[in-house]
Amino acid sequence: MLTQVNEEIRQQNNELYSENTRLTEANSSLAAENKSLADTNAGLSEESVRLAEQRKGLAEDTDRLTAEKKAYEAQTDEARKEARNAIRERDEAKAERDAQRKELGSNIANIFTGSKTKRLEAEIVRKDNEISEMKDRAEARERDLHREISNLSDSLRRQKEHEADTVRSYEWKIGNFVKFFPDAVAMLPAIEECQDVGLNDNSIKGLLSMNEYVLKSGTTLYYPFQRREVDASGAKVQIKRDPTDNKFHLHVNGTRIFQWLKDQWQRLTQTIKRGFGIR
């Protein structure tokens, strides 16, 4: 009984072994087939890439051919335009030659008849007359210009002579003035200073007597350097000769006018600063 069972088990094992062998062979075949399919797939991928590159190249060729076609069409249009222009110019040149031939024939006929020659001679005479008239007008204008220039030169010469006489007369008068009134010229700086500080003419005339005057209360003198009025109430003013330049100058309280104004302005600004506590 056991022997029979063992025999059956052995047969079943043999069958399983055979089936296993068959399945192993089948798996090897499938593996080989899978490798072949993988190789085929890789080849197809490479072919796909190659085809894509070919499509890209074809697209570039198409664009290039399209651009060349457009350029050719533009060149063709330009050539057609040039051809039309050439035909038009040829027709215009032909028409001009025909007109010239016609005019030449007419001129020849007029020469034989004499009418054209007479008209040309009359035109020449008219032009000559116009040229002669223009020449006469130009010569007359030139004479007028010469006359005007001569008159201007004479007028300028007389004016210069008059100015020279005036200058000589003025210099003679100034010379006599300085000679007989030497202090008058030296007095001019004092007069200018009186005018600069705002003294009126009557005050200046009084000061020219060389006397000392006391300014009234509320009197101000103008300080040009600061463009301000400075109080000069009760100040003593007098015109005196300054030994430094031997000329007369306006003095206030014994000091030259502008130095006195400067001192008064500085005192005023110092007083204002002290009032505000500024040193």
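Values below: every heavy atom of this structure, side chains too, minus hydrogens, waters and symmetry copies.
Of all heavy-atom pairs spanning Cys194 and Ile239, the tightest one is SG-CD1, 4.3 Å.
Here Asp63 pairs with nothing under the salt bridge (Lys or Arg N to Asp or Glu O under 4.0 Å) rule; sequence neighbours left out. Under the side chain to side chain contact (heavy atoms under 4.5 Å, CB included) criterion, Gln11 pairs with Glu7, sequence neighbours left out. Residues forming a side chain to side chain donor-acceptor pair (under 3.5 Å) with Arg143 (at least two apart in sequence, or on another chain): none. For Glu60, there are no side chain to side chain donor-acceptor pair (under 3.5 Å) partners, not counting sequence neighbours. Residues passing the side chain to side chain contact (heavy atoms under 4.5 Å, CB included) test with Arg241, sequence neighbours excluded: Asp183, Ala186, Asn246, Phe248. Arg64 is linked by a salt bridge (Lys or Arg N to Asp or Glu O under 4.0 Å) to Asp61, Glu68, counting only residues two or more places apart in sequence or in another chain. Take Glu92 and apply the salt bridge (Lys or Arg N to Asp or Glu O under 4.0 Å) test, not counting sequence neighbours, and it matches Arg88.
Here the CG-CZ distance, from Asp196 to Phe225, works out to 8.5 Å after rounding to the nearest 0.5 Å. A distance of 10.0 Å separates CD of Glu193 from CG of Leu261, quoted to the nearest 0.5 Å. Within the model, atoms CG of Leu250 and CG of Leu199 stand 6.5 Å from one another, a figure rounded to the nearest 0.5 Å. In this structure, CH2 on Trp260 lies 9.5 Å from CG on Asp263, to the nearest 0.5 angstrom. A distance of 7.0 Å separates CE in Met210 from CD in Gln238, rounded to the nearest 0.5 Å. Ile204 contributes atom CD1, which lies 10.5 Å from atom CD of Glu192 (distance to the nearest 0.5 angstrom).
Residue pairs meeting the side-chain hydrogen bond (donor to acceptor under 3.5 Å, both in side chains) criterion with at least one member in residues 203-222, sequence neighbours excluded, are Asn200-Ser203, Ser209-Asn211, Thr220-Glu229.
Of the possible donor and acceptor atoms, none in the side chain of Gln264 sits under 3.5 Å from a partner among the backbone N and O of Val230. Thr271 places a side-chain N or O within 3.5 Å of a backbone atom of Arg267 that can act as its donor or acceptor partner.
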May I have the list of side-chain donor-acceptor pairs in residues 129-138 shorter than 3.5 Å, sequence neighbours left out?
| residue | atom | partner | partner atom | Å |
| --- | --- | --- | --- | --- |
| Asn129 | ND2 | Val125 | O | 3.3 |
| Glu130 | OE2 | Arg126 | NH1 | 2.6 |

Side-chain donor-acceptor pairs of residues 251-258 under 3.5 Å, sequence neighbours excluded:
| residue | atom | partner | partner atom | Å |
| --- | --- | --- | --- | --- |
| His251 | ND1 | His249 | O | 2.9 |
| Asn253 | OD1 | Lys236 | N | 2.9 |
| Arg256 | NH1 | Asp242 | OD2 | 2.5 |

Return all side-chain donor-acceptor pairs below 3.5 angstrom for residues 150-157, not counting sequence neighbours, or 'none' if the list is empty.
| residue | atom | partner | partner atom | Å |
| --- | --- | --- | --- | --- |
| Asn151 | ND2 | Arg147 | O | 3.2 |
| Ser153 | OG | Ile149 | O | 2.9 |
| Arg157 | NH1 | Glu161 | OE2 | 3.3 |

